[in-house]
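Letters A, B, ... mirror the listed sequences (proteins, then strands); counts begin at 1.
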There are 2 protein chains.
Amino acid sequence: MSLEHILLGLLREPASGYDLKKLFEERLSHIWRAELSQIYPTLKRLERRGLVDSREAAARRGSGRRLYALTKAGRQELHVWLSGPPQFADERMAWVAQLYFMGELEDLDQTMRFLGSVRAHFAAKLAALSAIQRMWTAADPRYPRDLPVEDLHVHFALRKGMCSLAAHIEWCDESVAELTARLEARSSGTSREPGAAEEAP
Amino acid sequence: MSLEHILLGLLREPASGYDLKKLFEERLSHIWRAELSQIYPTLKRLERRGLVDSREAAARRGSGRRLYALTKAGRQELHVWLSGPPQFADERMAWVAQLYFMGELEDLDQTMRFLGSVRAHFAAKLAALSAIQRMWTAADPRYPRDLPVEDLHVHFALRKGMCSLAAHIEWCDESVAELTARLEARSSGTSREPGAAEEAP
DNA sequence: TCCGACATGTAATGGGTTACATGATTTT
DNA sequence: AAAATCATGTAACCCATTACATGTCGGA
């Protein structure tokens, strides 16, 4: 299970389940997501297996707080995972499946709207990652040169996200352009279907 | 559930569970994957809900064969799905998480090997999609112009895959270049760690 | 004769989400 | 006084995977 390994990775410094949820949101939002209801049992399982240990600590607010830390066995397990082959999950892209079948609707305007939503979605995500990159650049104008090894890998992951999203957006634009050509050809050329006449010269 | 809708989408022509599994592999391999052990119960559920109906048919080989077909309600349900907003699943990319944490290993050669595997993986997938595109081009030199609406959407989905994969590969190359610069700087510059000396002039 | 393709399923398990349940403390 | 934040968990459910179970038919 990857969540277990990711938790081990995040536990470089001791953290509570609640903390880890925040780390997911702050640092890994473009890579992985996890709910508290999944994190808590997983931490317990890791502790039973001796990969982490825990101690009680004062809560910053509210009641008790349980801090988890990597054990030697845990760090070793993490290294095994990191040294292994890349784990490719077969992506299930429901939105692409929707597009694949959308010809069924015979409604190119719907396709156009759909592509608009998709583009907006990815543009928003890209903006978020770009903001992170701008922060790095502002902090060090030589970025990404001279990054410590740790940060270099974080940088790689960030760039992965940015490159993917940029490609998605370009693909949206390519597709919209193809669609637009269709729609223009249809409105100016032979109109088999009687519809509203537009752009009369 | 998206699998249900995808099955409805595939059931333009009547098909058996076995057929549908093949359709997944032939047409949707870059978008979705499903096992027979998931397809069979899902078809039964769809039938109970009246979205498909089934009849027995002669097997091409072996024993009986159950052919499923869309009902009106099924087609309507499909259209609802297709008309709705894009369904973005939050991707869980274990391999990116691995890379994110890989600084922990302090072993840039491992990172290099990792990126090599990743690149090879995506290059193979891209080759498969390129082959499909070449078939379309061979069949019609004007491709993708003048594609029927149905095929246009399939084309969009294909291009989505190709663009994503190409971007991944470019990202790999960018990352490898950055890593290479690191390694060269390290081997020619101050070598804090005593290692094997290479490239003596 | 045995292998591979055709064909259909069930059971156990795993991984994840949603909803539910609780309670302290700080900020508005 | 109410809302947000800190903090921890459980239970039910859903989707998917892996392993298991069964049987026919055609070709090598």
With a 6.0 Å cut-off (strictly less than), is the heavy-atom count around [atom1] of [X], excluding the residue itself, greater than 12?
{"X": "B:Arg45", "atom1": "CZ", "answer": "yes"}
{"X": "A:Glu25", "atom1": "CD", "answer": "yes"}
{"X": "B:Arg92", "atom1": "CZ", "answer": "yes"}

* In terms of side-chain geometry, is the basic nitrogen of B:Glu77 or B:Arg49 positioned less than 4.0 Å from the acidic oxygen of its partner? ->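 No, B:Glu77 and B:Arg49 are not salt-bridged.
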* Taking 4.0 angstrom as the limit, do B:Glu178 and B:Arg182 come out as a salt bridge? ->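 Salt bridge between B:Glu178 and B:Arg182, a charged N being under 4.0 Å from a carboxylate O: no.
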Can you tell which of [options] lies closest to the side chain of [X]?
{"X": "A:Gln38", "options": "C:dT26, C:dT17, C:dA5", "result": "C:dT17"}
{"X": "A:Ser37", "options": "C:dT26, C:dT8, C:dT18", "result": "C:dT18"}
{"X": "A:Arg33", "options": "C:dT26, C:dT17, C:dG15", "result": "C:dT17"}
{"X": "B:Arg60", "options": "C:dT8, C:dA7, C:dT26", "result": "C:dA7"}

* Walk me through it: do B:Glu4 and B:Trp81 pass the test side-chain hydrogen bond (donor to acceptor under 3.5 Å, both in side chains)? => CA-CA 10 Å; B:Glu4 292 182 352; B:Trp81 181 61; over 6 Å; no
Measure from [atom1] on [X] to [atom2] on [N] and round the result to the nearest Å.
{"X": "B:Asp90", "N": "C:dG16", "atom1": "CG", "atom2": "P", "result": "11 Å"}
{"X": "B:Tyr18", "N": "C:dT8", "atom1": "OH", "atom2": "P", "result": "9 Å"}
{"X": "A:Leu36", "N": "C:dG23", "atom1": "CG", "atom2": "C1'", "result": "15 Å"}

Which is true for [X] with a 4.0 Å heavy-atom rule: it touches a base, it touches only sugar-phosphate, or it touches nothing?
{"X": "A:Arg45", "answer": "nothing"}
{"X": "B:Leu3", "answer": "sugar-phosphate"}
{"X": "A:Ser16", "answer": "sugar-phosphate"}
{"X": "B:Lys22", "answer": "sugar-phosphate"}
{"X": "A:Lys44", "answer": "sugar-phosphate"}

* To do: Would you check if the side chain of A:Thr71 reaches a backbone N or O of A:Leu51 as a donor-acceptor pair within less than 3.5 Å?
  =>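 Yes, A:Thr71 side chain to A:Leu51 backbone: donor-acceptor pair under 3.5 Å.
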* To do: Check whether any side-chain nitrogen or oxygen of B:Arg65 sits under 4.0 Å from OP1 or OP2 of C:dA7, and answer yes or no.
  => yes
* To do: Verify the contact: side-chain N or O of B:Arg92 to OP1 or OP2 of C:dT17, cut-off strictly under 4.0 Å; return yes or no.
  =>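 Indeed, a polar side-chain atom of B:Arg92 lies that close.
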* To do: Check every nucleotide of DNA chain D for an atom under 4.0 Å from a heavy-atom of chain A, then give the first and the last such nucleotide from 5' to 3'.
  =>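 Using the under 4.0 Å cut-off, the span is D:dT5 to D:dT17.
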